[in-house]
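Take a look at the structure below.
Here the structure is a predicted model, which means the values were calculated and not measured. Heavy atoms only: backbone and side chains are in, while hydrogens, waters and symmetry mates are out.
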Amino acid sequence: QVQLVESGGGLVQAGGSLRLSCAASGRTGSSYPMGWFRQAPGKEREFVAAISWSGGSGYYADSVKGRFTISRDMAKNTAYLQMNSLKPEDTAVYLCYADSTIGRKWGQGTQVTVSS
């Protein structure tokens, strides 16, 4: 019964920043592990970042470590992905997920395009 609503994607120049948001809602009464994948044209879906139900330190793919930061507001059941020093190779559809007790729920995806 978990539903995810994403926002924050768009077009940005190389070196710029964006912050993605993913709000989880539903009659679950609980917080779940959440995170982000991305998929670029002609490439397989790639793990980006994840954060536990407790809101502790994030876990990152090597390609984004040091540039991206995942966080969450547990009271709002919302996860964020702060993306700094963006590169053209970061261009992709970014997908939020939440791991509920009945399986993984995905957001609709939001497009991030980084121009040179």
Side-chain angles (χ1 to χ4, degrees):
Q1 298 295 325
V2 176
Q3 295 178 314
L4 305 179
V5 179
E6 297 171 293
S7 61
L11 174 65
V12 65
Q13 293 184 343
S17 299
L18 287 172
R19 189 178 78 158
L20 307 184
S21 299
C22 178
S25 63
R27 301 180 66 181
T28 64
S30 300
S31 297
Y32 305 110
M34 299 179 70
W36 299 85
F37 280 71
R38 67 187 182 186
Q39 188 162 20
K43 298 180 66 176
E44 295 183 355
R45 187 170 58 187
E46 175 188 25
F47 170 77
V48 176
I51 192 165
S52 72
W53 63 269
S54 65
S57 298
Y59 180 79
Y60 302 93
D62 288 341
S63 59
V64 306
K65 194 173 299 182
R67 299 188 297 118
F68 291 11
T69 303
I70 188 170
S71 62
R72 71 185 298 168
D73 183 332
M74 296 186 66
K76 297 180 179 180
N77 277 326
T78 300
Y80 305 94
L81 186 67
Q82 179 67 47
M83 305 184 294
N84 298 326
S85 301
L86 284 162
K87 305 174 181 179
E89 51 262 44
D90 294 319
T91 295
V93 174
Y94 283 72
L95 300 155
C96 174
Y97 74 84
D99 287 334
S100 74
T101 56
I102 59 173
R104 177 164 290 182
K105 177 68 177 181
W106 295 93
Q108 80 284 0
T110 185
Q111 177 70 46
V112 172
T113 302
V114 184
S115 62
S116 301

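- With sequence neighbours left out, the side-chain hydrogen bond (donor to acceptor under 3.5 Å, both in side chains) criterion links E89 to no other residue.
- Under the side-chain contact (heavy atoms from CB on, under 4.5 Å) criterion, V112 pairs with L18, L20, M83, Y94, V114, not counting sequence neighbours.
- With respect to the salt-bridge test (charged N to carboxylate O, under 4.0 angstrom), the residues K65 and D62 qualify.
- Considering only residues two or more places apart in sequence or on other chains, T113 meets the side-chain contact (heavy atoms from CB on, under 4.5 Å) condition with L11, T91, Q111.
- In this structure, A79 and W36 approach most closely via the heavy-atom pair O-CZ2, 4.1 Å.
- Neither L4 nor Y80 shares a network with the other; the hydrophobic side chains, linked directly or stepwise wherever heavy atoms of I, L, V, M, F, W or Y lie under 4.5 Å apart, form separate groups for each.
- The structure places OG of S115 at 5.0 Å from CD of Q13, a figure rounded to the nearest 0.5 Å.
- Listed by chain and number, the hydrophobic cluster partners of L95 are F37, F47, Y59, V93, Y97, W106, where partners are ILVMFWY side chains within reach of under 4.5 Å, directly or through others.
- To the nearest 0.5 angstrom, K76 atom NZ is 14.0 Å from S25 atom OG.
- Rounding to the nearest 0.5 Å gives a distance of 11.5 Å between OG of S57 and CD1 of I70.
- Listed by chain and residue number, R38, E46, A61 satisfy the side-chain contact (heavy atoms from CB on, under 4.5 Å) test with S63 (two or more places apart in sequence, or in another chain).
- With sequence neighbours left out, the side-chain contact (heavy atoms from CB on, under 4.5 Å) criterion links Q39 to R45.
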